[in-house]
Number of protein chains: 4
Amino acid sequence: MTPAGRPKSETARQAVLAAALELVVEKGYQALTIEGIAERAGVAKTTIYRSWPGKAAVVMDAVLSESNPRLTFPDTGSAREDLRLQVSRVVRLFTEPSFAKPFVGLLAASQHDETLADTLHEWLVKTRRAGAAEVLRRGVERGELRADLNIPIAIDALYGALYYRLLVSHEPLSPQYAERVVSEVFAGLQASKNSVSTGASTSGGTT
Amino acid sequence: MTPAGRPKSETARQAVLAAALELVVEKGYQALTIEGIAERAGVAKTTIYRSWPGKAAVVMDAVLSESNPRLTFPDTGSAREDLRLQVSRVVRLFTEPSFAKPFVGLLAASQHDETLADTLHEWLVKTRRAGAAEVLRRGVERGELRADLNIPIAIDALYGALYYRLLVSHEPLSPQYAERVVSEVFAGLQASKNSVSTGASTSGGTT
Amino acid sequence: MTPAGRPKSETARQAVLAAALELVVEKGYQALTIEGIAERAGVAKTTIYRSWPGKAAVVMDAVLSESNPRLTFPDTGSAREDLRLQVSRVVRLFTEPSFAKPFVGLLAASQHDETLADTLHEWLVKTRRAGAAEVLRRGVERGELRADLNIPIAIDALYGALYYRLLVSHEPLSPQYAERVVSEVFAGLQASKNSVSTGASTSGGTT
Amino acid sequence: MTPAGRPKSETARQAVLAAALELVVEKGYQALTIEGIAERAGVAKTTIYRSWPGKAAVVMDAVLSESNPRLTFPDTGSAREDLRLQVSRVVRLFTEPSFAKPFVGLLAASQHDETLADTLHEWLVKTRRAGAAEVLRRGVERGELRADLNIPIAIDALYGALYYRLLVSHEPLSPQYAERVVSEVFAGLQASKNSVSTGASTSGGTT
DNA sequence: GGCTAACCGAGACGGTACGTCCTGTCTTGAG
DNA sequence: CTCAAGACAGGACGTACCGTCTCGGTTAGCC
């Protein structure tokens with residue numbers, strides 16, 4: 001009843017994922033090729049196609065197995081501190097080429113591959129948004145954050161700033177930038193008597 | 001000294017740009033092909049390569065000549081109103097397939113094409129950021145906005161939210177969304193006695 | 001000393017041969033595939049490779065077990081009648097798709113596979129040539145045929161005509177054709193009454 | 001009105017045909033590969049596919065341009081002599097590897113490729129049969145050959161013997177063989193009062 | 001009003017990678 | 001030790017586009 005048959009080689013799997021990551025970092029996602037991965041991994045092309053439908057799936061697999069455990073949310077009792085920590089972690093990840101290069105490649109590819117977009121969203125976006133939403137909810141409950149806060153939009157603004165730098169302006173991300181984004185979004189734009197400066201630096205370096 | 005000879009055909013140029021736009025909308029940027037454009041436009045491949053270095057340049061050219069005039073910044077005397085208007089315009093543009101499809105394609109392509117990234121930034125990002133910065137600067141001067149506002153980061157948050165929806169979460173953009181983003185970013189996150197309700201609804205539909 | 005283990009499955013063998021024959025007739029020898037046979041026979045590829053070195057061997061096996069008994073030589077007392085009967089049988093065999101298709105495929109394959117050519121010759125050509133030679137020898141002994149007949153060459157001419165139709169001209173074979181070939185080869189080309197065998201002079205000794 | 005466009009490169013064509021012939025002779029028709037030809041010829045695979053539908057067509061083209069002019073029929077006034085000369089030429093051609101190897105390969109391939117079979121027949125069989133038929137017809141007119149000769153079958157027997165050796169028995173062909181085939185077919189099998197035995201041995205070497 | 005040079009369409013060229021198919025070998029687990 | 005199942009390395013397939021390169025045939029614009 002059981003299908004039996006030779007089991008897929010874990011060795012081959014590892015070799016493929018490692019080769020894919022190496023090549024993305026070396027040459028970029030666009031220049032990545034199934035044939036290139038196969039050669040580098042010392043594996044037949046067919047072996048790759050047997051396990052993954054295309055290079056996007058390979059890279060996805062490679063990225064997920066390396067990065068997913070690193071983005072848990074803290075719970076320090078302060079929403080602001082929680083966000084600061086989490087945003088810092090994301091920035092750190094976006095800063096490492098071994099994550100950023102494949103990730104940006106996948107985001108680019110997902111613009112014309114709905115399946116990839118869905119998978120990417122499911123694995124790399126959704127859970128983090130849920131974590132952030134939970135942090136904000138706790139903040140509202142504690143009275144730390146505005147009661148009428150539109151949480152999804154707040155998250156869009158916070159994370160949107162990071163993605164904007166990563167994908168659109170290509171300006172460098174830094175730990176300081178993480179701090180400042182949280183500060184500014186916390187404070188809002190409008191002048192307000194009691195809107196005590198939260199200690200965020202006034203110095204407007206964009207980094 | 002004078003070159004004599006036949007000038008480039010404006011007819012051909014128009015046909016190429018039109019064909020490129022049509023095809024991007026129909027099939028997507030990724031599926032766009034120089035050969036496809038040539039065929040649709042009734043033009044030789046050579047003619048395209050003579051005027052543009054690749055499909056990115058063609059699409060860029062096509063998009064710019066259609067969209068650039070539509071994004072001037074208003075000056076109503078109220079920073080909030082100015083932003084609201086401008087963000088609405090961007091959202092409207094992002095909503096039209098004839099702009100969004102090629103634009104997203106170009107952004108995706110720019111992730112592995114630095115030249116394209118630079119050009120894109122120069123033409124489609126820089127001037128709008130300058131306009132937004134000017135609006136915020138006026139708001140600060142008028143005392144309407146926080147004096148210690150970090151303007152570039154505020155812009156990242158505002159526009160980042162829009163790009164985030166466009167490129168990452170792929171949730172639909174709408175005029176209402178534009179309003180809410182401006183509201184939330186204006187108000188900031190933290191609870192504050194004087195943080196006068198900006199009138200933004202608490203009901204946080206994400207649309 | 002006892003072999004132990006499980007004996008080869010006769011069931012599997014039959015299934016493979018049957019499947020091979022079916023597929024050759026349906027799709028042709030060239031389109032025949034070990035994988036195809038395995039699937040049709042409900043058998044693993046390994047099982048086939050364990051018993052045969054390749055598709056040629058399988059088809060050979062299948063063909064031999066069906067056709068070999070059908071080509072015995074008669075001995076009616078008349079060489080002409082013996083040949084006529086035997087040639088008719090060969091024609092009939094060449095006319096049945098279930099023999100002709102695999103046979104022609106094997107002949108084609110044997111052009112680039114010496115082992116196959118040898119086996120094929122051994123099993124499907126040699127014994128029939130021996131039979132034909134015997135018939136002719138008897139005819140010569142009886143005085144029914146020319147005393148200086150070059151038997152191998154006579155056989156080449158007789159059977160060559162059949163193979164020529166089968167492999168080269170692809171004109172249809174028929175019982176009538178069999179009769180006529182025998183008639184013509186018997187009669188020779190030259191006008192008969194005064195026909196001094198002029199050819200005998202050219203054929204010197206054995207080469 | 002004329003399509004213009006860059007004309008096909010005669011250089012490339014020659015290189016492809018030469019490479020194909022070389023490789024057939026070296027490795028055999030079966031082992032011939034479009035990729036192999038492309039590499040040997042220093043040409044892109046696509047260039048080959050642009051001009052020929054497959055390796056059969058390439059080899060065909062190569063063989064025809066080399067061998068066709070060599071097989072004209074003589075007219076000496078004697079049918080027997082004409083046939084002897086022509087059969088000798090065919091034997092000589094079948095003996096040269098640079099013709100025999102590709103030719104046999106094509107014949108093998110034509111067993112499962114009707115288009116190829118037709119083309120092959122058209123170019124390499126039909127005209128020679130026509131020539132032979134003409135020779136025989138003249139012989140009949142002159143009274144040199146039997147009046148009731150079945151010409152197509154006589155040709156089948158004559159040429160069939162050659163093809164039989166080439167494709168089936170794989171026994172070597174030789175000029176002497178050509179002579180003997182003509183002799184035997186001329187003489188016929190049956191004993192005849194006037195068919196004086198010249199004393200030549202009946203045991204013909206099979207060579 | 002004729003020259004003439006650059007432009008045009010067409011399409012062949014050397015390449016690269018695609019995703020598929022089949023080869024013959026191997027590795028399992030069940031019988 | 002055999003079997004069904006199926007993964008493995010490898011090789012070739014025929015296709016789609018790439019960007020470059022000839023070709024004739026057509027237009028301008030200046031003589």
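Below, chain A is the first sequence line, B the second, and so on; all start at residue 1. What you see is a predicted model; the values in this text were computed from it and never measured.
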Quick test of your reading of the model: are D:Glu26 and D:Arg40 salt-bridged, counting only N-O distances below 4.0 Å? yes
On DNA chain F, more 5' by nearest nucleotide between C:Ser51 and D:Lys55 is C:Ser51
Per nearest nucleotide of DNA chain F, the residue lying toward the 5' end, A:Arg13 or B:Pro53, is A:Arg13
With sequence neighbours left out, the residues meeting side chain to side chain donor-acceptor pair (under 3.5 Å) with A:Arg13 are A:Asp61
Spacing of [X] atom [atom1] relative to [N] atom [atom2], expressed in whole Å:
X       : N      : atom1 : atom2 : value
C:Leu23 : E:dC22 : CG    : P     : 12 Å
B:Trp52 : E:dC7  : CH2   : P     : 13 Å
B:Ile48 : E:dC8  : CD1   : C1'   : 13 Å

Applied to residues 101-117 of chain D, the side chain to side chain donor-acceptor pair (under 3.5 Å) test, sequence neighbours excluded, yields C:Gln30-D:His112
Of the options [options], whose atoms approach the side-chain atoms of [X] most closely?
X       : options                : value
C:Val43 : F:dA4, E:dC18, F:dG29  : F:dA4
B:Tyr49 : E:dT27, F:dC13, F:dC18 : F:dC18
A:Arg6  : E:dT25, F:dC13, E:dG14 : E:dT25

For a quick check, tell me whether the side chain of B:Thr46 and the base of E:dG11 share a donor-acceptor pair closer than 3.5 Å. yes
| Hey, is the side chain of D:Lys8 pairing donor to acceptor with the base of E:dG11 inside 3.5 Å? | no
Phosphate OP1/OP2 of [N]: any [X] side-chain N/O under 4.0 Å:
X       : N      : answer
A:Ser9  : F:dA7  : no
B:Thr47 : E:dG9  : yes
D:Arg50 : E:dG11 : no

Taking every heavy atom of A:Ala109 against every heavy atom of A:Leu116, the minimum-distance pair comes out as CB-CD2, 3.6 Å
Separation between CD1 (B:Ile37) and CG (B:Leu17), nearest 0.5 Å, reads 9.0 Å
- Inspect the surroundings of CD in A:Glu39 and state if more than 12 heavy atoms from other residues, nucleotides or ligands are less than 6.0 Å away. no
5'-most contact on DNA chain E (nearest-nucleotide basis), B:Glu10 vs A:Lys45, goes to B:Glu10
Worksheet item: Given C:Val16 and C:Trp52, is the side chain to side chain contact (heavy atoms under 4.5 Å, CB included) satisfied, shown in steps?
Response: CA-CA 10 Å; C:Val16 168; C:Trp52 298 274; 3.6 Å; yes
The correct set of residues in residues 26-41 of chain A placing a heavy atom under 4.0 Å from DNA chain E is A:Thr33, A:Ile34, A:Glu35
